[in-house]
Protein chains: 2
Amino acid sequence: MKTETVNDEKKTIKMKNYLQHISLDCVVFGFHSNQLKVLLLRMKNTGTWALPGGFVCEDESIEVAANRVLKERTGLDEIFLHQFNVFSDPQRSKHNPAVSDLILSGQTYPEKSWFDKRFISVGFYALVEFSQVEPQPDAFSDICEWINLENIGNLMLDHNHILQKALETLRMQLTFQPIGYNLLPEKFTLSELRKLYETILGKELDRRNFQRKILAYDILTRLEEVRLGVAHKAPVLYKFNLENYKRALDEGLQGRW
Amino acid sequence: MKTETVNDEKKTIKMKNYLQHISLDCVVFGFHSNQLKVLLLRMKNTGTWALPGGFVCEDESIEVAANRVLKERTGLDEIFLHQFNVFSDPQRSKHNPAVSDLILSGQTYPEKSWFDKRFISVGFYALVEFSQVEPQPDAFSDICEWINLENIGNLMLDHNHILQKALETLRMQLTFQPIGYNLLPEKFTLSELRKLYETILGKELDRRNFQRKILAYDILTRLEEVRLGVAHKAPVLYKFNLENYKRALDEGLQGRW
DNA sequence: ATTTCTTTGTGTCAATACGACACAATGATA
DNA sequence: TATCATTGTGTCGTATTGACACAAAGAAAT
């Protein structure tokens, strides 16, 4: 197992097993109480919040490395995970304190120089079911938790920029691919799905038109079951029709020439 | 100037100025005689065809590096250039002969070991105006030329895979962004634009419906000029309305929720 | 010079999709 | 038992789309 414990005496060797100059950062989106949340880490020494990230082992593809990182931070395997951009501004480590200062400040580890290298980072975004995640800090952070999108302040390095790009990508994806399977529990109401769309897009949608359009995609299965215990009329529950959902992922939803 | 001449005695030093493990590959699309073409290099020692590519200097972003590479191969600056995917399969250099064998075979350069490293490659696709390109081979190739998409055979390493992904991205981009400004000459007919779309999408489009739809986007300016000298009725020439074109690039064309 | 031919420019029409909005049904709450 | 907010369903006018018709025009054939 590849832990990154700072006090691990074998770490120097392990650092050498990572590819130099290359890192990855993950924007993990979750949805809970009608709010879009992002999984963040608070760095031990500076208190700065940061995106979960990591490095690439010599025998890993970058996708495998991202899955490993997310498994460590969320406990989840087989996450919906897409690379969306490479961040390679030579100054990206220099707008803010260098990584080595942030994560190793006041300490003199042999790998300080390793962290001082310039890193080109591959950005991934992940969609996960909020309730299934068990946030785990890494060796350099003391807290790992969900932060509401609107409450996110200054992040480490260029992580605000990375987050912004991830959101743009997610919004674009929304216009030609179905979304929700990885963000909602198995059973959900159309209002919950609509609020997910509204939250990602940052604007309100007409309830009735949304219903008509999303049903027309034929990616939902209506259940013989309603959600009880909520105020007012009990809404019907739906689940995704996986077969059609995946077909829609492949074929796209609209805008064909 | 950063040449890569094999016989350049300063090259060993220059190689050290590149970031290790990181490369980039460009899929350069051009359009001529109603055919989509890709700029390819023929490697000197093996005769294998390959995508133009290069490495990243210590002070460059990957975008700047890609622009530099394309400037060297095409003579063009300010090219439409988008990164679309990172290729990082640890085996990507091993399905085919290693890079060092391909480009340095039979020779013993000190940098052979450098090429034997594992590379993670960032894929870019570029759209350029065919007639403005002056293809230039690099230090490791003897030919640089346009190859019709349908005539492209086995490429070096995983370059076929990279090309395939670039095409998919291009096709997807077509559904929500205008295209053509970087691929057609300044003045063009609607038929030429339509054939560009048909070529990229690999299917025929209804001439009249295409015309109606593309004109509705309001990204074209009709000129008081026709193309003479072609068979049959002289078609009206159009050019792109840059202001509206760029707005459409930003806002997207359709499929909004 | 005249006719032919093929492509272009414009338009029609029905089917479908979309945005804005109305109203009855229903389950929790008062 | 009445109230109330939310849900399920539907309407209507407009815009968009796909399939197709036809006349105009310039090159090519005669």
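Convention: sequence-line order gives letters A, B, ...; per-chain numbering from 1.
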If you compare every side-chain N and O of A/Gln211 against the phosphate oxygens of D/dG8 (OP1, OP2), does one of them come in below 4.0 Å?
yes
For a quick check of understanding: with a heavy-atom distance under 4.0 Å over all strands, which category does A/Arg222 fall into, base, sugar-phosphate or nothing?
sugar-phosphate
Determine the contact category for A/Thr189: base if any of its heavy atoms lies under 4.0 Å from a base atom, sugar-phosphate if only primed atoms, P, OP1 or OP2 are that close, otherwise nothing.
nothing
With distance as the sole criterion, is a donor-acceptor pair present between the side chains of B/Gln136 and B/Glu72 under 3.5 Å?
no
Kindly indicate whether the side chain of [X], heavy atoms from C-beta on, has any atom under 4.5 Å from the side chain of [Y].
X	Y	answer
B/Pro235	B/Val230	yes
B/Leu41	B/Trp49	no
A/Lys165	A/Glu168	yes
B/Leu170	B/Tyr125	yes
B/Gln35	B/Thr199	no

Over 60° means perpendicular and under 30° means parallel, so classify the ring planes of A/Phe240 and A/Phe188, tilted if in between.
tilted
Gap between atoms [atom1] and [atom2], on [X] and [N] respectively (whole Å):
X	N	atom1	atom2	value
A/Glu225	C/dG27	CD	P	14 Å
A/Phe210	D/dG8	CZ	P	13 Å
B/Tyr238	C/dT8	OH	P	12 Å
B/Leu237	C/dT8	CG	P	12 Å
A/Leu215	D/dT9	CG	P	9 Å
A/Glu204	D/dT6	CD	C1'	15 Å
B/Lys213	C/dG11	NZ	P	20 Å
A/Ile214	C/dA17	CD1	C1'	15 Å

DNA chain D in dot-bracket form (Watson-Crick or G-U pairs under 3.5 Å, [ ] crossing, | inter-strand) is ||||||||||||||||||||||||||||||
Can you find a donor-acceptor N/O pair under 3.5 angstrom joining the side chain of B/Arg212 to the base of D/dG18?
yes
Check: B/Asn151 main-chain N/O paired with B/Asn148 side-chain donor or acceptor under 3.5 Å:
no
Base contacts versus sugar-phosphate-only contacts with protein, heavy atoms under 4.0 Å: please encode nucleotides 20-30 of chain D as B, S and - from 5' to 3'.
BB--BBBS---
Minimum heavy-atom distance A/Leu190-A/Tyr238, with the two atoms named
CG-CE1, 3.4 Å
